[in-house]
> 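Dropping a structure here in structure tokens format, bear with me for questions.
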Number of protein chains: 2
Amino acid sequence: MSRAITLARIPEGVPQPGDFALVDATLPPVANDQLACVTRFISLDPYLRGVLSGRHLGHTLSIGEIVPGSCVAQVSASSSTEFAEGDWVVAESGWREAFVVPTNSVRKIALDLAPPSTALGVLGMPGLTAWAGITQLANVRAGETVLISAALGPVGSSAGQIAKLLGARVIGIAGGPEKCRKVEQHFGFDLCLDYKASDFAEHLASACPNGVDVYFDNVGGYVLECALSKLALKARVVLCGLIDQYNQSQRPPGPNLGPVIGARATLMGLVVYDFYPQFPEFLAQVGAWVKARKLTWLEDIAYGIEATPGAFCKLMSGNNFGKMLVAL
Amino acid sequence: MSRAITLARIPEGVPQPGDFALVDATLPPVANDQLACVTRFISLDPYLRGVLSGRHLGHTLSIGEIVPGSCVAQVSASSSTEFAEGDWVVAESGWREAFVVPTNSVRKIALDLAPPSTALGVLGMPGLTAWAGITQLANVRAGETVLISAALGPVGSSAGQIAKLLGARVIGIAGGPEKCRKVEQHFGFDLCLDYKASDFAEHLASACPNGVDVYFDNVGGYVLECALSKLALKARVVLCGLIDQYNQSQRPPGPNLGPVIGARATLMGLVVYDFYPQFPEFLAQVGAWVKARKLTWLEDIAYGIEATPGAFCKLMSGNNFGKMLVAL
């Protein structure tokens, strides 16, 4: 017998303790290729909020089910030669005191690096997230300005430190002066800005006089809006989380970046001026197609200089039919 | 003497003909390395709306100034051996009947491909935009599903045809059934959807059962929102225009993609699950930093299985201080 926490009702807004229930759970016997484990640390992560509302990448949870999540545990009984009693492991075992799982579903923890609880943070999923965003997606280079939201959290704090170790200038964003101080003093960020301060946007502007080369976004919403307005040329933005809207039942207006994250999509700003050096290459390919009439065009033509303002108004009303031109 | 169109007042909302004025303009004499030209076609392009409001990449325009823009013109007098009377050129000469410009500011038009007016469309800036987005940024491959908004316009219609020529399945989006028919029949798109139809979102979903691999966005707003919800895994989105908001004095709520375009930025969705195969690589690099205590962590620990719901609620209120854990 051991205890576990189940979902009692789907939370609305910020979750309440009453959304959950403490229950007794029986443990099955340990079969071949299974381990019995005792939980030592339960990981609490913001993505769980989406799971509770059925909004996280297809995960759903029914009322009465044990809340899922990662744990650090110690093996209490093993039918495998790979694991001995007392071994430390990470398991996706949820909110419970003890559990029995297949041996191939757990990962053994390297104890020589740091205490085992870090397998749920800096050396686990949040650390991997930070590393992937900084080194695999944004490819941060020495000398760049890197901006990171939720900077005191396990993803943000690791991302910032990794960027620092790679030679970047790192600015954090957190909520309130106490968190900001901790980000600077404990994690060594060059600076941390309080997004709750009324002059946050001004502080951000003066902290990034040459713009932001890489923004690692964990929050979405207002902070993302401010950061997008400070991007340097060829900036990269890692869209990693939308904590700002996890508690909201209605998503905020405007383009929804949730599906962009889910699709691992890439959004790229296009300004045609950048491609004028490639005009000959364009003309060679598209010009040949046009000459062969494999590629065609459509023109909506007004006549006379006097007709120009009216033609422009027609274009901006969406009433034109093809490329809008004035012939003189 | 020739005539030109100037800005009479800054437009509010959809531009009105009264926002402009027809004026007489004197032409200077033709100096060395200059050309006198007679305008044959004036190009009208949506980006001009931003210029009129001082919102386009730093371009601004004062009241009384001649409205800028591209033109196709014929040389009427030349002091250069490179250009003869009658030659066709593209110039950034604005809304006027005639002009004098430096020879190095114009581009001669290749007349063997198509009529000279196409130098302002399919073989000019809009065509280059389409080609750059499809071939240089999105890198469209045969068999992919490509979605294109403002599909009857010169950018969208070229982008769709180029994608078709590269072997993609191409779906257009346009306003109203007449435009949609034209996109399908004149430009050969596989399908064109009317975003003004009440069931547009459903039509889009059924037209892209496997999702959208590449979305070429010229409009922003509602159409972008719908498209983002239909992205396939590893989708690429070319952010090229925001016609939907060009006439608005207040930009719509939510993340503003205007500065993303201006910065030529890349936004990348990160889902950590994709990187678990690289866990050993992560642990080698970050684990070494952690072991050397060059990289640190911070834990906010609650105690006992009963404390788990409260600790999760604390996390989701943003009141935690570092990685949230429950120790058992």
Side-chain angles (χ1 to χ4, degrees), chain A residues 3 5 14-15 17 20 39 41-42 44 95 97 113-114 121-122 128-129 131-133 137 154 161 224 228-229 231 235-240 253-255 259-261 263-270 272 275 282 287 290-291 295 297 305 308-310 312-313 315-317 323-326 328, chain B residues 3 5 14-15 17 20 39 41-42 44 95 97 113-114 121-122 128-129 131-133 137 154 161 224 228-229 231 235-240 253-255 259-261 263-270 272 275 282 287 290-291 295 297 305 308-310 312-313 315-317 323-326 328:
Chain A
R3 294 177 301 168
I5 306 277
V14 177
F20 305 94
T39 305
F41 294 96
I42 295 172
L44 300 178
W95 295 6
E97 292 180 309
L113 302 174
V122 63
L128 179 64
T129 305
W131 175 84
L137 293 188
Q161 292 180 91
L224 174 62
L228 291 185
S229 72
L231 298 180
R236 292 90 72 201
V237 178
V238 177
L239 301 170
C240 182
V260 172
I261 299 177
R264 291 81 159 154
T266 304
L267 276 58
M268 298 169 279
L270 166 60
V272 67
F275 295 94
F282 153 72
V290 164
K291 191 170 184 179
L295 206 157
W297 63 92
I305 186 83
T308 311
F312 183 65
C313 299
L315 170 69
M316 293 314 300
S317 310
K323 169 64 192 169
M324 194 75 226
L325 294 171
V326 180
L328 305 187
Chain B
R3 294 177 300 168
I5 307 276
V14 178
F20 304 94
T39 305
F41 294 97
I42 295 172
L44 299 178
W95 295 5
E97 292 180 310
L113 302 174
V122 63
L128 178 64
T129 305
W131 175 83
L137 293 188
Q161 293 180 91
L224 174 62
L228 291 184
S229 72
L231 297 180
R236 291 91 73 201
V237 178
V238 176
L239 301 170
C240 181
V260 172
I261 299 177
R264 291 80 160 155
T266 303
L267 276 60
M268 297 169 280
L270 166 60
V272 67
F275 295 95
F282 153 72
V290 164
K291 191 169 183 181
L295 205 157
W297 62 94
I305 186 84
T308 311
F312 182 66
C313 299
L315 170 70
M316 293 313 300
S317 310
K323 169 65 192 170
M324 194 76 225
L325 293 172
V326 181
L328 304 188

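Just so you know, these numbers use all the heavy atoms, side chains as well, and skip hydrogens, waters and symmetry mates. Residue numbering restarts at 1 for every chain, and letters A, B, ... go by the order of the sequence lines.
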> Between A/V14 and chain B, with a heavy-atom cut-off of 4.5 Å, which part of the residue counts as in contact: side chain, backbone, both or neither?
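A/V14 touches chain B through side-chain heavy atoms alone.
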> Side chain, backbone, both or neither: which part of B/L231 has a heavy atom under 4.5 Å from chain A?
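Both the backbone and the side chain of B/L231 come within 4.5 Å of chain A.
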> With rounding to the nearest 0.5 Å, note down the distance linking CZ in A/R236 to CG in B/L267.
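Reported value, rounded in 0.5 Å steps: 12.0 Å.
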> Looking only at heavy atoms and a cut-off of under 4.5 Å, which of A/R3, A/M316, A/K291 has the most pairs with chain B?
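When all of A/R3, A/M316, A/K291 are compared, A/M316 has the most.
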> Distance from B/F275 atom CZ to A/L128 atom CG, nearest 0.5 Å?
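Spacing of CZ (B/F275) from CG (A/L128) equals 8.0 Å.
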> Which heavy atom of A/L328 sits nearest a heavy atom of B/E97, and at what distance?
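Heavy-atom minimum between the residues: CD1-CA, 3.9 Å.
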> With the side chain counted from C-beta on, respond yes when A/V326 and B/T39 share a heavy-atom pair under 4.5 Å apart, and no when they do not.
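Sidechains of B/T39 and A/V326: no contact.
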> Looking only at heavy atoms and a cut-off of under 4.5 Å, which of A/T266, A/V272, A/T129 has the most pairs with chain B?
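Of the options given, most contacts go to A/T266.
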> Given that the side chain runs from C-beta out, which part of B/L224 has a heavy atom under 4.5 Å from chain A: side chain, backbone, both or neither?
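Side chain only.
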> Find the one option among A/V260, A/L137, A/V238 whose heavy-atom pairs under 4.5 Å with chain B are most numerous.
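Greatest number of close heavy-atom pairs with chain B: A/L137.
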> Can you give me the closest heavy-atom contact between B/P154 and A/K323, atom names plus distance?
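That would be CG-CD, 3.6 Å.
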> Return the minimal non-hydrogen interatomic distance between B/G310 and A/P17, and the atom names on each side.
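Closest approach of B/G310 to A/P17, heavy atoms only: CA-CG, 4.4 Å.
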> Identify the heavy atoms of A/I5 and B/I305 that sit nearest to each other, and give their distance.
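Result for this residue pair: CD1-O, 3.5 Å.
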> Kindly give the heavy-atom pair with the smallest separation between A/V290 and B/A114, and that separation in Å.
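What the structure gives for the nearest pair is CG1-CB, 3.7 Å.
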> Checking A/L315 against chain B: side chain, backbone, both or neither under 4.5 Å from a heavy atom?
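For A/L315, side-chain heavy atoms alone lie under 4.5 Å from chain B.
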> Can you tell which of B/A263, B/P259, B/S317 has the highest number of heavy-atom pairs within less than 4.5 Å of chain A?
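That would be B/A263.
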> List the steps, then state whether ring pair (Phe, Tyr, Trp, His ring centres under 6.0 Å) holds for B/W95 with A/F312.
CA-CA 11 Å; B/W95 295 5; A/F312 183 65; 5.6 Å; yes
> Rounded to the nearest 0.5 Å, what separation is found between the OG1 atom of A/T308 and the CG atom of B/L44?
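Nearest 0.5 Å value for the OG1-CG distance: 6.5 Å.
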